[in-house]
Amino acid sequence: MRENGRVTSATRQPGTPSAAAVRPRLIATDLDGTLLRDDKSVSPRTVAALAAAEEAGIEVFFVTGRPARWMNVVSDHVHGHGLAICGNGAAVVDLHGGPGAHRFVKVRELARANALDAVRLLREAAPGTVFAVEQTYGFHQEPDYPKLHLEIPDNLQPAERLLAPDGPDADQPVLKILAYHPDLDPDAFLTLARIAIGDRANVTRSSPSALLELSGPDVSKASTLALCCAERGIAHDEVVAFGDMPNDVEMLTWAGRSYAMGNAHPDVVAAASGRTVANNEDGVAVVIEQLLADRF
């Protein structure tokens, strides 16, 4: 790989043109641990890089595990289309309305039957697991679920009740289930859950704690990004992606060029075709600046 400071270029696959030879048309970036600094801010350098990319005709998509209601951190930085992929691919949201005024453009829900199966299987495989339920506009949790999120849940009930056909906000789609274990190693919990749940849900994680995120069986950042790109006539090799945690692996594998942050999980480093510096060093901006310099 070609070195440029601490940033490496995407690798060339045997028998294919260099990824660097393909002009990028879309940048897909995770937020926490990637675009955002640890204090959850977007640095002035990153703001300028995003604006320059859009000015150059490269669309920017924020692709995050965050729910739509937590997108105020970047709502001032959307350009053009104004869309973001939230909930690990469970929703495409129009952020043009600003905080609290977002519109769901696409929803890829987790069927309640699948969710109930996943809860049952994970309780059996990892006793002590507690759950929360993320819906389009609601957030509910079990009484023993810890205060991991800076918000008050709408309901405190067992997951089986929250997911019942007549449960709270039963008319709203379920976007994902959150599963927390107080004692297990995060990566061990992820492996155990994937084996136990099988094809009933897509299981991933983005937190440093043993907190898992369960979505619909075919729902991921990659699959929803692929749908958005197909609607725009953008091929995967015209996409540049950035990420730092296991929930980014599929997206980084799918994109033509992908970068693991300097602070990335080892699985992300293995999946990406290149590396950049850490989020606190504006690693996304570093690569965008290089892309624009190489393009023009």
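FYI, side chains are in, hydrogens and waters are out, and symmetry mates aren't considered; it's all heavy atoms of this structure. These figures come from a predicted structure and were not determined experimentally.
Counting heavy atoms from C-beta outward, Thr34 and Asp32 have side chains that stay 4.5 Å or more apart. Annotation: side chain of Leu36 is not in contact with side chain of Ser41 (no heavy-atom distance under 4.5 Å). Counting only heavy atoms from C-beta outward, the side chains of Ser43 and Thr46 approach each other to under 4.5 Å. Under the 4.5 Å side-chain criterion, counting only non-hydrogen atoms from C-beta, Leu211 is in contact with Leu178. With contacts defined as side-chain heavy-atom distances shorter than 4.5 Å, the pair Val284/Thr276 does not qualify.
Taking the ring centroids of Phe104 and Tyr137, they lie under the 6.0 Å cut-off.
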Exercise. Give the intermediate values and the outcome of side-chain contact (heavy atoms from CB on, under 4.5 Å) for residues Leu83 and Phe61.
Key: CA-CA 7 Å; Leu83 300 179; Phe61 264 69; 4.0 Å; yes

Quiz item: What do the steps show when you test Asn279 against Phe242 for side-chain contact (heavy atoms from CB on, under 4.5 Å), and what is the final call?
Solution: CA-CA 10 Å; Asn279 62 316; Phe242 300 86; over 6 Å; no

Quiz item: Going through the checks in order, is the side chain to side chain donor-acceptor pair (under 3.5 Å) test met by Ser215 and Asn88?
Solution: CA-CA 8 Å; Ser215 305; Asn88 290 329; 4.8 Å; no

Quiz item: Does the pair Gln135 and His140 meet the rule for a side chain to side chain donor-acceptor pair (under 3.5 Å), with working shown?
Solution: CA-CA 8 Å; Gln135 295 180 259; His140 317 285; 2.8 Å; yes

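Listed by first and then second residue, the ring pair (Phe, Tyr, Trp, His ring centres under 6.0 Å) pairs that reach into residues 188-219 are His181-Phe189, sequence neighbours excluded. Residue pairs satisfying the salt bridge (Lys or Arg N to Asp or Glu O under 4.0 Å) criterion with at least one member in residues 139-157, sequence neighbours excluded, are listed as follows: Arg69-Glu151, Arg123-Glu142.
Of all heavy-atom pairs between Gly138 and Asp169, the closest is CA-OD2, 4.1 Å. Nearest heavy-atom pair across Pro186 and Leu212 is O-CD2, 4.5 Å.
Not counting sequence neighbours, the partners of Tyr145 by the side chain to side chain donor-acceptor pair (under 3.5 Å) test are His149. Residues forming a side-chain contact (heavy atoms from CB on, under 4.5 Å) with Ala235 (at least two apart in sequence, or on another chain): Asp237, Glu238. Legend: residues meeting side-chain contact (heavy atoms from CB on, under 4.5 Å) with Arg194, ordered by chain and number and at least two apart, are Leu190, Val203, Thr204. Every residue meeting the salt bridge (charged side-chain N to carboxylate O under 4.0 Å, His left out) condition with Lys221, not counting sequence neighbours, appears here in chain and number order: Asp30, Asp248. Remark: Glu231 pairs with Lys106 by the salt bridge (charged side-chain N to carboxylate O under 4.0 Å, His left out) rule, at least two apart or across chains. Checked against side chain to side chain donor-acceptor pair (under 3.5 Å), Asp199 has no partners two or more places apart in sequence or in another chain. For Arg200, the salt bridge (charged side-chain N to carboxylate O under 4.0 Å, His left out) partners at least two apart in sequence or on another chain are Asp117. In terms of the side chain to side chain donor-acceptor pair (under 3.5 Å) criterion, residue partners of Asp166 (sequence neighbours excluded) are, by chain and number, Arg161. Legend: residues meeting salt bridge (charged side-chain N to carboxylate O under 4.0 Å, His left out) with Glu109, ordered by chain and number and at least two apart, are absent. Under the side-chain contact (heavy atoms from CB on, under 4.5 Å) criterion, Asp218 pairs with Arg108, not counting sequence neighbours.
Paired with Thr136 under the rule side-chain contact (heavy atoms from CB on, under 4.5 Å), one option of Cys86, Pro173, Pro67 passes, and it is Pro173.
Taking a cutoff of 4.0 Å between a charged side-chain nitrogen and a carboxylate oxygen, Lys176 and Glu213 qualify as a salt bridge. For Arg120 and Glu160, the salt-bridge test fails: no basic side-chain N is under 4.0 Å from an acidic carboxylate O.
Within a 6.0 Å sphere centred on CD of Glu55, heavy atoms belonging to other residues, nucleotides or ligands number 12 at most.
One hydrophobic cluster, built from ILVMFWY side chains closer than 4.5 Å, holds both Leu122 and Val174.
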